[in-house]
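Quick notes on the structure that follows.
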Amino acid sequence: MTTVRVPAGWPATEQQARAVQDELRARVVHDEPGPPPGTGYVTGVDVAYDDERDVVAAAAVVLDAVSLDTVAEATAVGRVSFPYVPGLLAFREVPTVLAALEALPCPPGLVVCDGYGLAHPRRFGLASHLGVLTGLPTIGVAKNPFTFTYDEPAHPRGSSSPLLAGVEEVGRALRTRDGVKPVFVSVGHRVRLDTACAHVLRLTPDYRLPETTRRADALCRGALRETVGA
DNA sequence: GCGACAG
DNA sequence: ATCTTGTCGC
């Protein structure tokens, strides 16, 4: 497991962080379809915190897109690099997540993030940020609608409705289990929304949340415990 | 002006 | 995110 320090020049204030988002946003690519669902690799990333000790642990888990078998995994630990501020989540997670991705023995393919991409106050959420910094195709899958609105999708798995910022569709509320609260999908970098939703459905044969995030979540929690103790 | 607000 | 027992159900 690799260890990371807060990068030199990392934003120290909310104002600086917002300025970084406004600058990097111009580099997001939205006109590529993205990797075809059911091919290659799909990688989940997630982080766990110990705010008390100022520690963050990140995990990256690579799945075979067809079998959903885990083919590789990596972890990294670091210092918390930013406080939690809605809209600035990426500044808390990105350095350690990057380290975990770089520690993988193979290319990650599509990266599935825990949170949002385009669905963000300045249209540059965690998935967008990670995509621009790595050049990889990324999507965001969140458990909550954040500040956005949506109509309840129809009952069956696979149903969806637009996730709205006013009249703008910034993502999709996608039902991954019959009658269960939907997940909230938005594009990050180099993927279209339809492709993103198709990936999420393939990644949810058994549970509401994608296998990618479930496995990354379990792995980073374990890494945090090994670092910090019981 | 006062909350609400991904993780 | 995290704090947290038991419990209902497949």
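Quick note: numbers below take in every heavy atom, side chains included, and nothing from hydrogens, waters or symmetry partners. In what follows, chains carry the letters A, B, and so on, assigned in the order in which the sequence lines appear, proteins first and then strands, with residues in each chain numbered from 1. Owing to the predicted nature of the structure, the values given are computational and were not obtained by experimental measurement.
One can place CG of Leu88(A) at 16 Å from C1' of dA1(C), the figure rounded to the nearest angstrom. Atom CG in Asp46(A) sits roughly 7 Å away from atom P in dA1(C) (whole-Å rounding). Atom CZ of Arg92(A) is separated from atom C1' of dA6(B) by 12 Å (rounded to the nearest Å). Rounded to a whole Å, the NE2 atom of His120(A) is 9 Å from the C1' atom of dA6(B). Summarising the geometry, the separation between CD on Glu93(A) and C1' on dT2(C) is reported as 14 Å, rounded to the nearest angstrom. Rounded to an integer number of Å, the gap from OH of Tyr116(A) to C1' of dA1(C) is 16 Å. We find that CG of Asp50(A) is positioned 8 Å from P of dC3(C), with the value rounded to whole Å. Arg123(A) places its CZ atom 15 Å from the P atom of dA6(B), with the value rounded to the nearest Å.
Nucleic acid contact class of Leu163(A) (heavy atoms, under 4.0 Å, all strands): none. Contact annotation for Ala119(A): no contact, since no heavy-atom pair falls under 4.0 Å across all strands.
Here the side chain of Arg175(A) pairs a donor or acceptor atom with the backbone of Pro153(A) at under 3.5 angstrom.
No side-chain donor-acceptor contact under 3.5 Å links Glu169(A) and Tyr150(A).
Under a 4.0 Å N-O distance rule, the pair Arg79(A)/Asp54(A) qualifies as a salt bridge. Looking at Arg221(A) and Asp217(A), a side-chain N of the basic residue comes within less than 4.0 Å of a carboxylate O on the acidic one, giving a salt bridge. With respect to the salt-bridge test (charged N to carboxylate O, under 4.0 angstrom), the residues Asp22(A) and Arg123(A) do not qualify. Using a cutoff of 4.0 Å between basic side-chain nitrogens and carboxylate oxygens, Arg172(A) and Asp194(A) are scored as salt-bridged. Between Glu211(A) and Arg202(A) no salt bridge is recorded (no basic side-chain N to carboxylate O distance below 4.0 Å).
In this structure, Asp64(A) and Ser67(A) have side chains that are in contact, with non-hydrogen atoms separated by less than 4.5 Å.
Counting non-hydrogen atoms of other residues, nucleotides and ligands closer than 6.0 Å to CZ of Arg122(A) gives a total above 12. A 6.0 Å sphere centred on OH of Tyr84(A) holds more than 12 heavy atoms belonging to other residues, nucleotides or ligands.
Residue Arg221(A) has a polar side-chain atom (N or O) positioned under 4.0 Å from OP1 or OP2 of dT2(C). Taking side-chain N and O atoms only, Tyr84(A) has a distance below 4.0 Å to OP1 or OP2 of dA6(B).
Within residues 126-155 of chain A, the residues that place at least one heavy atom under 4.0 Å from DNA chain B are, in residue-number order, Leu126(A), Ala142(A), Lys143(A), Asn144(A), Phe146(A), Thr147(A). Residues of residues 164-193 of chain A having a heavy atom closer than 4.0 Å to DNA chain B: none are found.
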Could you please spell out the steps behind the side-chain contact (heavy atoms from CB on, under 4.5 Å) verdict for Leu136(A) and His189(A)?
CA-CA 7 Å; Leu136(A) 298 167; His189(A) 186 55; over 6 Å; no
List the steps, then state whether ring-ring contact (aromatic ring centres under 6.0 Å, His included) holds for His120(A) with Phe146(A).
CA-CA 8 Å; His120(A) 177 275; Phe146(A) 201 9; 7.1 Å; no
Treat primed atoms plus P, OP1 and OP2 as sugar-phosphate and everything else as base, then score nucleotides 5-10 of chain C 5' to 3': B for base contact with protein heavy atoms under 4.0 Å, S for sugar-phosphate contact only, - for none.
------
